[in-house]
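Just so you know, these numbers use all the heavy atoms, side chains as well, and skip hydrogens, waters and symmetry mates. We name chains A, B, ... by the order of the sequence lines, and we start the count at 1 in each one. These figures come from a predicted structure and were not determined experimentally.
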Amino acid sequence: METNEGAVLSLQNFRKQFGSGCEKCADLDERHLQRNYCPNCRTTYACADLSLDLYGGEILGVVGESGSGKSTLLRCLYFDEEASSGEAFLQGYKSGQVNIFTETGQQKRYIRNYHLGMVYQNPYMGLRMSFSSIGNIAEKLIAAGGRSVDAMTGRAASLLHKVDIPPYRFLETPATFSGGMQQRVQIAKALSNNPPILLLDEITTGLDLSVQAKVLDLIKGIQRELRISMLVVSHDLAVIRMLAERTIVMLDGKIVEQGLTDQVLEDPQHPYTQKLVQSLL
Amino acid sequence: MNKYNFAFFDEQSKREIRRALLKAVAIPGYQVPFASREMPIARGWGTGGLQVMLAIVGKKDVIKVIDQGSDDSVNAVSIRKFIKQMTGVLETAETSEASIVQSRHRVPEVPLTGEQILILQVPIPEPLRETEQSELRAKRLHAEKEYSGVWLSLFEQIMKYGCTATGADHPTMVHERYVMSPSPIPRYDNRKLNDCAALILFGAGREKKIYALPPYTKVESLAFVDRPFVSESMHGKICRLCGAEGVFLDESVQAAGAGPFYECNDTGYCRQRQSSKSRLDRGEKSGD
């Protein structure tokens, strides 16, 4: 198998399970599962055979309730956790011919440093809070082989400038920043190596509305300017409506609906999506 | 009457430490775990170096023990006494006469030869510890030659202080493979590790790790391309006792008014220079 034409990221039959699985639940037959949980062997299927394609320059939204497997999907793509089975191909990595889930740890780290950027919901996950902001961005540059202090500080400063961090705070630690600023430092860090793909996990959750707008503006600007493809996970439909062209709806580790964002939100087909859209205030 | 086995340990214990040493020599810079023994001194006081010493010392060896360059500090004296009591080997303060040198935080000024072994005591053997607290993950990073964390620590120092601020223990790359803590020796001593004729063994008793540099191993101090590695500058400073220049000096403060004075940190080296100087002063020719 290889990437579909034009897709920068192609995911096929991706599964992440917690537990060994048993004969009864191996085929993920709904009759044997309680939502995504097998009562027989106590296995949870966080992501149950997902397939999706992310195209160049597009923002793909992923919505779903808590526990639907959205974050697990991103964490596995960024190799924070190991995928249980399935295949993923990156157009930019070995011409999309190699399943990145089965690569060595060294290669996975390479992919992380050169092909992916990740912004976590909680900045404590993505940043070293006791290191300077510039140092945080340099970490990713160093990991990608950067050995020139001047070049790295220059790059880090220009990125921090882009995300609107005032220069007099460049050397301060993110621990002293507000939540919105921490999130922007994370975005700068994720962008540091010009990755073709950005993974964004609930990046505006917990921020107040004006700061949310600022972060979303930033993301939209980056996408327009740099044509980076993004996978945006959120349970906030307003965020998805603003950012994403295409949307996937997840429930219990499965994709229950997908299509153009407008179409999914205006004319939802699956009962869960209908409930979701209707519960929007 | 000595009720202990030669060199304190039973033969099985020595064998276990020697096995770790052999592995360490075979993989320069790699930290080999070993079963660190209970010792009659507390962990963190040189038990790693002492265990390595006791595992390799033989009846014909001549030992020298130094602590921060000094032969006479309490730690050096008690370790040396202990080894002597347990083995009956000869001791010396002169580096060139010793076959095994155990040292805390200094490499002697006199260049080591291929006949000698240097043992360094190590408090924290893991150069990745600052950025990776988990031992398991640190081991994995070593395996994958992933040293961003060490570089990041140096980068952060440059951001904070304008230069790398490792007072001692500046990380080194061994044979282009493993990043190694050279133990808290001053940066001045780092260059002596590179291409050294002697075998260098590192023992960390509390952390239960042994590592080694076989003779003539390439040891590079980590530095960014635009921030070259600089060792402590002793420029223009002279030892007030022996007049040595360009060696590692201790700075001491005098009574108010007078400036600081300097003395060789390596006391064995300084004493040797003083005695050869006084011989010359008395009109004797050196070597007579």
Side-chain angles (χ1 to χ4, degrees), chain A residues 79-82 103-114 116 118 124-157 159-160 165 167-176 185 188-189 192-193, chain B residues 27 29-30 124 126-166 170-174 176-180 187 190 218-230:
Chain A
F79 307 118
D80 284 339
E81 285 182 50
E82 212 167 311
E103 287 291 78
T104 61
Q106 227 162 354
Q107 286 301 316
K108 282 178 178 170
R109 192 163 276 126
Y110 171 86
I111 294 168
R112 240 169 105 124
N113 291 331
Y114 289 83
L116 301 172
M118 174 84 154
Y124 278 77
M125 298 276 292
L127 297 175
R128 290 184 187 272
M129 284 298 168
S130 57
F131 283 72
S132 67
S133 307
I134 282 206
N136 266 289
I137 292 165
E139 182 182 16
K140 201 143 163 108
L141 296 169
I142 288 170
R147 291 293 178 268
S148 157
V149 174
D150 294 335
M152 287 191 291
T153 43
R155 172 83 181 138
L159 283 165
L160 287 171
I165 305 287
Y168 63 92
R169 305 205 69 175
F170 284 3
L171 290 177
E172 287 180 29
T173 61
T176 65
V185 175
K189 181 177 185 175
S192 57
N193 287 322
Chain B
I27 319 171
Y30 172 74
I124 298 163
E126 182 51 75
L128 288 164
R129 187 54 75 238
E130 190 188 340
T131 46
E132 181 51 79
Q133 277 73 44
S134 152
E135 179 72 17
L136 177 76
R137 281 199 294 269
K139 267 191 101 88
R140 218 170 262 158
L141 293 175
H142 276 290
E144 292 173 5
K145 205 185 172 186
E146 168 54 43
Y147 292 118
S148 307
V150 185
W151 286 99
L152 181 63
S153 302
L154 294 177
F155 183 89
E156 195 63 11
Q157 288 167 8
I158 294 171
M159 289 300 105
K160 252 188 198 156
Y161 309 110
C163 59
T164 53
T166 43
H170 187 95
T172 54
M173 172 63 89
V174 176
E176 289 162 14
R177 179 58 186 88
Y178 287 100
V179 166
M180 179 194 88
R187 293 197 303 277
N190 270 24
K218 184 173 170 191
V219 181
E220 283 170 296
S221 303
L222 296 189
F224 291 98
V225 286
D226 48 358
R227 296 286 191 286
F229 173 76
V230 211

For the candidates B:Leu154, B:Thr131, B:Ile158, which exhibits the highest count of non-hydrogen atom pairs separated by less than 4.5 Å from chain A? B:Thr131
Which bit of B:Leu152 is near chain A, if near means a heavy-atom gap under 4.5 Å: side chain, backbone, both or neither? both
Identify which of A:Gly145, A:Ala143, A:Ser148 forms the greatest number of heavy-atom pairs closer than 4.5 Å to chain B. A:Ser148
Does some side-chain heavy atom of A:Ser132 sit less than 4.5 Å from a side-chain heavy atom of B:Lys160? no
Test salt bridge (charged side-chain N to carboxylate O under 4.0 Å, His left out) on A:Asp150 and B:Arg227 and set out the steps. CA-CA 9 Å; A:Asp150 294 335; B:Arg227 296 286 191 286; 3.1 Å; yes
Among A:Leu171, A:Val149, A:Ile142, which residue forms the greatest number of heavy-atom pairs with chain B at distances under 4.5 Å? A:Val149
For B:Ile124, I'd like to know if atom CD1 has over 12 heavy atoms of other residues, nucleotides or ligands within 6.0 Å. no
Side chain, backbone, both or neither: which part of B:Gln157 has an atom under 4.5 Å from a heavy atom of chain A? neither
Please say whether more than 12 non-hydrogen atoms of neighbouring residues, nucleotides or ligands are located less than 6.0 Å from CD in B:Gln133. yes
Is a donor on one side and an acceptor on the other found under 3.5 Å between the side chain of A:Gln106 and the backbone of B:Glu144? yes
Where does A:Arg109 contact chain B at under 4.5 Å (heavy atoms): side chain, backbone, both or neither? side chain
Please round to the nearest 0.5 Å and tell me the distance separating atom CZ of A:Arg147 and atom CZ of B:Phe155. 11.5 Å
If you apply the rule side-chain hydrogen bond (donor to acceptor under 3.5 Å, both in side chains), what do you find for A:Glu139 with B:Ser148, and how did you get there? CA-CA 7 Å; A:Glu139 182 182 16; B:Ser148 307; over 6 Å; no
Do you know the tightest heavy-atom contact between B:Glu130 and A:Phe131? OE2-CZ, 4.1 Å
Do A:Phe170 and B:Met159 have side chains that get closer than 4.5 Å, going by heavy atoms? no
